[in-house]
Amino acid sequence: MKRILSIILVLAMLFALTACGGNNGQDSTGGDTQQDDNSTSGDTQQTEEPSGDATDSPVAGKKVAYIMIMPSATIFQMWANSCQDLCKALGATCDVFFCDGDFNKWQDTIRTCASGGYDGLLVSHGNQDGSYVFLKEITEAYPDLKITCFDTQFYADGEYQKLPGVTQMFQQDASLVTVLLDDMIEKFGEGVRLIKVWRGPNYNSPFDRREVGWQEYEAAGKIVTVGEVQPLQDTVDSANTVFAAYLQGLNRDDVDGVVVYYDCYGQGVYNAIVENANFNGTNGDALPMGSVDIDPVDVTNMQTRPDIWTAAGTTDWTLNGEIGMRILLLEIAGEYDKIYDPASGQMGVDLVEVPGSAIPASALKPESTVENLGDIADETYGNLSYLSVTDWMPADLIH
């Protein structure tokens with residue numbers, strides 16, 4: 001009888017070990033097949049389940065989210081994909097939410113995730129006027145929640161603010177403009193005569209940060225500002241209407257080129273140039289332009305008329321997503337000293353800027369897309385040395 005009891009006890013122990021030991025770094029509530037039931041107001045993408053092979057990862061089993069205020073777009077999806085790939089390699093899970101350009105929806109999604117047990121949030125493009133007060137309240141209500149922000153300024157009481165423990169990441173916006181100015185200077189020499197298309201000052205922080213590059217070059221005599229055009233709305237149609245009207249009063253001989261601070265405006269400017277015989281190459285030389293940011297329409301336009309849309313100033317959005325998620329995971333792991341800023345070369349920072357790259361239209365191939373620009377860009381684009389790294393998160397982890 002005692003022997004039978006012993007056998008039963010041994011079998012029971014083996015069963016318990018089997019049931020508890022098969023998790024291997026995964027979320028104990030998820031397994032390989034379960035999906036998270038997200039009730040947030042954002043548009044959600046399916047959770048990427050952890051791979052289960054990151055046994056040395058201090059973030060294994062952690063749950064994070066990427067929350068973008070804008071609607072989904074190719075470059076933002078590139079960002080989201082790299083976030084999820086990195087988390088999966090480290091045994092964490094990552095949900096993705098797009099908020100349709102609605103600041104209230106963005107806030108509601110952050111608030112719901114914060115109360116829903118997420119360990120960290122990578123939040124993007126918060127409004128300058130309200131993000132500081134809102135995120136300050138979130139950090140105070142959920143002190144264990146880690147937050148990393150992209151393209152989000154903290155502004156209140158007439159000055160820029162900081163939130164302890166929150167890292168801010170940006171594109172190095174001034175360089176996104178100066179790489180375009182350098183391209184124009186290479187074509188026409190110093191003193192090149194340019195039209196600037198933007199909205200500002202004090203319209204939004206990325207534009208103001210880009211204006212720093214323009215003012216620097218103008219003060220140094222490298223460029224001359226011929227005119228300034230401001231769309232009335234953040235749409236292609238508005239930029240097209242306003243710039244087309246501007247061209248009606250412009251003499252082609254008085255200007256060398258156009259630099260646009262946002263590629264949405266750039267598409268409208270491009271259409272206005274193409275539609276005007278005095279500027280599209282029909283009567284004399286075409287008017288060249290360059291834009292900040294890039295999307296599939298921009299690539300097509302650059303391939304179609306490289307004499308008009310000559311260059312884009314951008315960063316690698318796949319790498320951007322990985323940079324941002326690495327920062328967030330380092331916050332969760334408590335390794336703030338490993339956060340790296342490629343613009344300054346400093347470690348342990350709370351401000352990270354990603355240097356911009358010029359994508360010349362002349363370098364594009366017929367098969368070029370937004371996703372494979374690394375094949376034709378210079379070494380600043382997709383540079384793995386920009387990544388924050390640790391022993392458990394090497395630079396080549398998902399490359």
Side-chain angles (χ1 to χ4, degrees), residues 27 30 36-48 50 58-72 76-77 79-88 90-128 130-154 161-170 320-336 339 350-352 388 393:
D27 185 343
D36 292 321
D37 180 17
N38 296 296
S39 57
T40 61
S41 59
D43 296 327
T44 315
Q45 291 186 1
Q46 181 177 338
T47 301
E48 282 288 335
V59 296
K62 300 298 183 181
K63 183 178 177 180
V64 302
Y66 163 49
I67 302 172
M68 162 56 85
I69 197 171
M70 305 293 282
S72 180
F76 302 147
Q77 188 61 55
W79 174 297
N81 290 345
S82 62
C83 285
Q84 292 188 317
D85 289 346
L86 180 66
C87 286
K88 186 174 182 180
L90 291 169
T93 59
C94 177
D95 292 325
V96 174
F97 303 89
F98 294 104
C99 300
D100 303 324
D102 186 335
F103 185 55
N104 291 327
K105 189 173 183 178
W106 183 80
Q107 290 178 297
D108 289 343
T109 305
I110 291 172
R111 189 179 292 110
T112 304
C113 287
S115 65
Y118 282 78
D119 299 289
L121 304 178
L122 176 55
V123 302
S124 191
H125 286 65
N127 289 358
Q128 176 170 293
S131 294
Y132 171 72
V133 172
F134 170 70
L135 291 175
K136 185 174 185 290
E137 292 173 353
I138 292 294
T139 58
E140 290 172 350
Y142 303 95
D144 294 331
L145 178 69
K146 303 301 181 183
I147 297 177
T148 297
C149 296
F150 178 66
D151 255 1
T152 304
Q153 291 278 33
F154 298 152
Q161 308 283 348
K162 290 286 188 181
L163 281 173
V166 176
T167 307
Q168 290 173 280
M169 174 189 166
F170 298 91
N320 288 348
E322 184 177 357
I323 292 172
M325 185 53 68
R326 282 173 177 259
I327 293 169
L328 180 62
L329 296 179
L330 286 172
E331 289 183 3
I332 292 172
E335 298 185 27
Y336 284 83
I339 296 175
D350 61 5
L351 176 66
V352 173
S388 300
M393 189 167 58

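All figures in this text were calculated on a predicted structure; none of them were measured in a lab.
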Let me confirm one number: the [atom1]-[atom2] distance from [X] to [Y], rounded to the nearest 0.5 Å.
X      : Y      : atom1 : atom2 : result
Ile138 : Ser115 : CD1   : OG    : 8.0 Å
Tyr66  : Phe98  : OH    : CZ    : 5.0 Å
Leu351 : Ile339 : CG    : CD1   : 11.0 Å
Met68  : Cys99  : CE    : SG    : 9.5 Å
Ile323 : Trp79  : CD1   : CH2   : 8.0 Å
Ile332 : Ile147 : CD1   : CD1   : 11.0 Å

Over all atoms of both residues, closest heavy-atom pair of [X] and [Y]:
X      : Y      : result
Ser124 : Thr152 : C-OG1, 4.1 Å
Cys83  : Leu122 : SG-CD2, 3.8 Å
Val96  : Gln84  : CG2-NE2, 3.6 Å

Starting from the C-alpha separation in whole Å, work towards a yes-or-no answer on side-chain contact (heavy atoms from CB on, under 4.5 Å) for Met325 and Cys87. CA-CA 8 Å; Met325 185 53 68; Cys87 286; 3.7 Å; yes
Is any side-chain heavy atom of [X] less than 4.5 Å from a side-chain heavy atom of [Y]?
X      : Y      : result
Met169 : Asn320 : yes
Thr167 : Leu330 : no
Leu86  : Leu329 : yes
Phe103 : Ser131 : yes
Glu331 : Tyr336 : yes
Lys146 : Leu328 : yes
Gln168 : Leu163 : no
Val166 : Thr139 : yes

Taking NZ in Lys62 as the centre, count heavy atoms belonging to other residues, nucleotides or ligands within less than 6.0 Å. Is the count above 12?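 Result for NZ/Lys62: open.
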Is there a donor-acceptor contact under 3.5 Å from the side chain of [X] to the main chain of [Y]?
X      : Y      : answer
Thr109 : Gln107 : no
Ser82  : Glu322 : yes
Asp119 : Val64  : no
Asn127 : Gly130 : no
Tyr118 : Leu145 : no

Using the ring pair (Phe, Tyr, Trp, His ring centres under 6.0 Å) definition, which of the options Trp106, Phe76, Phe170 pairs with His125?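 Output: one option passes, namely Phe76.
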salt_bridge(Asp108, Arg111) N-O dist < 4.0 Å: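 So Asp108 pairs with Arg111 through a salt bridge.
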